[in-house]
K.L.:
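I'd like to ask you about the structure that follows.
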Amino acid sequence: MPLTSDEDIKALLEETRTIAMVGASDRPKRPSNGVMLLLQRHGYRVIPVNPQITGEHVHGEFVFRDLDQIGDRIDMVDIFRRSELAGEAVDAAIAAGAKSVWMQLGVSDAAAAARAEAAGLKVVMDRCPAIEIRRLGVAPIA
């Protein structure tokens with residue numbers, strides 16, 4: 001069952017340090033660009049993943065093609081993809097050994113969430129971490 005309680009979501013945000021953002025954009029007007037910057041300013045390391053801009057940099061971070069290229073520990077995979085494409089990102093998160101997956105506002109895939117949970121990952125759907133950080137009063141990451 002995806003996390004829905006304020007306590008569980010806040011705990012997830014407090015234990016997370018490294019976020020891989022699938023669907024990150026280098027275009028300032030895209031929601032993923034603004035969310036990435038907010039998460040970085042809050043103290044998270046955010047690693048952008050987008051095959052269309054692989055090798056470029058977004059907010060100082062190298063953009064990877066796929067999660068399996070990152071090589072560093074991933075606490076959370078933040079998914080900025082349409083719901084019908086979320087399952088692919090969830091499967092990649094499981095394969096990469098992520099601890100959790102977070103599907104952005106408007107993104108949900110119950111079957112993918114069930115696969116993630118069966119693999120031991122925590123799941124959040126149809127929410128934005130930037131909104132939840134402010135709403136729940138999550139302290140900046142040191």
Side-chain angles (χ1 to χ4, degrees), residues 1-53 56-142:
M1 180 106 168
L3 304 181
T4 57
S5 78
D6 288 352
E7 297 80 21
D8 290 342
I9 291 170
K10 185 174 184 181
L12 176 60
L13 290 166
E14 289 173 340
E15 67 192 26
T16 296
R17 296 294 178 270
T18 303
I19 301 170
M21 183 176 285
V22 175
S25 177
D26 59 349
R27 292 182 272 170
K29 292 187 178 182
R30 300 290 296 199
S32 63
N33 187 281
V35 169
M36 179 175 172
L37 186 58
L38 187 142
L39 293 172
Q40 285 179 318
R41 288 180 176 163
H42 205 74
Y44 298 101
R45 177 174 182 216
V46 184
I47 303 167
V49 177
N50 186 329
Q52 296 178 346
I53 56 173
E56 296 181 26
H57 288 78
V58 175
H59 301 306
E61 287 282 350
F62 181 86
V63 180
F64 289 90
R65 180 178 37 101
D66 296 308
L67 289 173
D68 63 1
Q69 290 186 316
I70 293 174
D72 291 336
R73 190 181 101 212
I74 301 169
D75 295 321
M76 176 189 291
V77 174
D78 186 6
I79 303 171
F80 269 94
R81 303 289 315 269
R82 293 187 313 269
S83 292
E84 59 269 19
L85 301 173
E88 179 182 308
V90 168
D91 293 339
I94 294 166
K99 295 179 181 177
S100 65
V101 291
W102 188 298
M103 298 181 217
Q104 279 290 336
L105 284 173
V107 181
S108 61
D109 182 331
R115 289 193 306 274
E117 290 171 333
L121 282 71
K122 295 178 182 175
V123 178
V124 176
M125 291 194 299
D126 193 24
R127 292 180 188 247
C128 177
I131 292 170
E132 297 302 314
I133 285 167
R134 283 181 250 166
R135 185 179 74 80
L136 299 171
V138 177
I141 304 302

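Start at 1 with the first residue, then count along the sequence. The structure displayed is predicted, hence computed values, not measured ones.
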K.L.:
Over 60° means perpendicular and under 30° means parallel, so tell me whether Phe64 and Phe62 are parallel, tilted or perpendicular.
P.N.:
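Rings of Phe64 and Phe62: perpendicular, as their planes differ by over 60°.
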
K.L.:
Would you please test Val49 and Gln69 for side chain to side chain contact (heavy atoms under 4.5 Å, CB included) and show each step?
P.N.:
CA-CA 9 Å; Val49 177; Gln69 290 186 316; over 6 Å; no

K.L.:
Any ion pair linking Asp8 and Lys122 (charged N to carboxylate O, less than 4.0 Å)?
P.N.:
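Result for this pair is no, no salt bridge flagged.
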
K.L.:
I would like to know whether Tyr44 and Ile133 meet side chain to side chain contact (heavy atoms under 4.5 Å, CB included); could you show each step before the answer?
P.N.:
CA-CA 12 Å; Tyr44 298 101; Ile133 285 167; 3.6 Å; yes

K.L.:
Would you give the length of the straight line joining atom OG1 of Thr4 to atom CE of Met125, rounded to the nearest 0.5 angstrom?
P.N.:
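The OG1 atom of Thr4 sits 10.0 Å away from the CE atom of Met125.
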
K.L.:
Rounded to the nearest 0.5 Å, what separation is found between the CD1 atom of Ile70 and the CZ atom of Arg65?
P.N.:
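Rounded to the nearest 0.5 Å, the CD1-CZ separation comes out at 11.5 Å.
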
K.L.:
Crowded around Arg82 CZ? As in, over 12 foreign heavy atoms under 6.0 Å?
P.N.:
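No.
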
K.L.:
With rounding to the nearest 0.5 angstrom, report the CG to CD1 distance, Leu136 to Ile131.
P.N.:
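Output value for this atom pair is 11.0 Å.
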
K.L.:
Say you draw a straight line from CD of Glu117 to CD1 of Ile94; how long is it, rounded to the nearest 0.5 Å?
P.N.:
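Going from CD on Glu117 over to CD1 on Ile94, the span is 10.0 Å.
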
K.L.:
Could you point out which residue of Val35, Val63, Asn33, Asn50 forms a side chain to side chain contact (heavy atoms under 4.5 Å, CB included) with Met21?
P.N.:
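Per the side chain to side chain contact (heavy atoms under 4.5 Å, CB included) rule, the option paired with Met21 is Val35, out of Val35, Val63, Asn33, Asn50.
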
K.L.:
Short question: side chain of Ser83, backbone of Ser108 - any donor-acceptor pair under 3.5 Å?
P.N.:
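Here the side-chain-to-backbone pair exists.
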
K.L.:
Show your reasoning for whether side chain to side chain contact (heavy atoms under 4.5 Å, CB included) applies to Val124 and Glu132.
P.N.:
CA-CA 11 Å; Val124 176; Glu132 297 302 314; over 6 Å; no

K.L.:
Using a 3.5 Å distance criterion without hydrogens, assess whether the side chain of His59 forms a donor-acceptor pair with backbone atoms of Val46.
P.N.:
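Checked: no pair found.
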
K.L.:
I'd like to know if Lys10 pairs up with Glu7 as an ion pair, taking the criterion as any Lys NZ or Arg NE/NH1/NH2 lying under 4.0 Å from an Asp or Glu carboxylate oxygen.
P.N.:
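Judged by the 4.0 Å cut-off on N to carboxylate O distance, Lys10 and Glu7 do not form a salt bridge.
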
K.L.:
In Å and rounded to the nearest 0.5 Å, what is the OG1 to CH2 distance from Thr16 to Trp102?
P.N.:
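It comes to 8.5 Å.
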
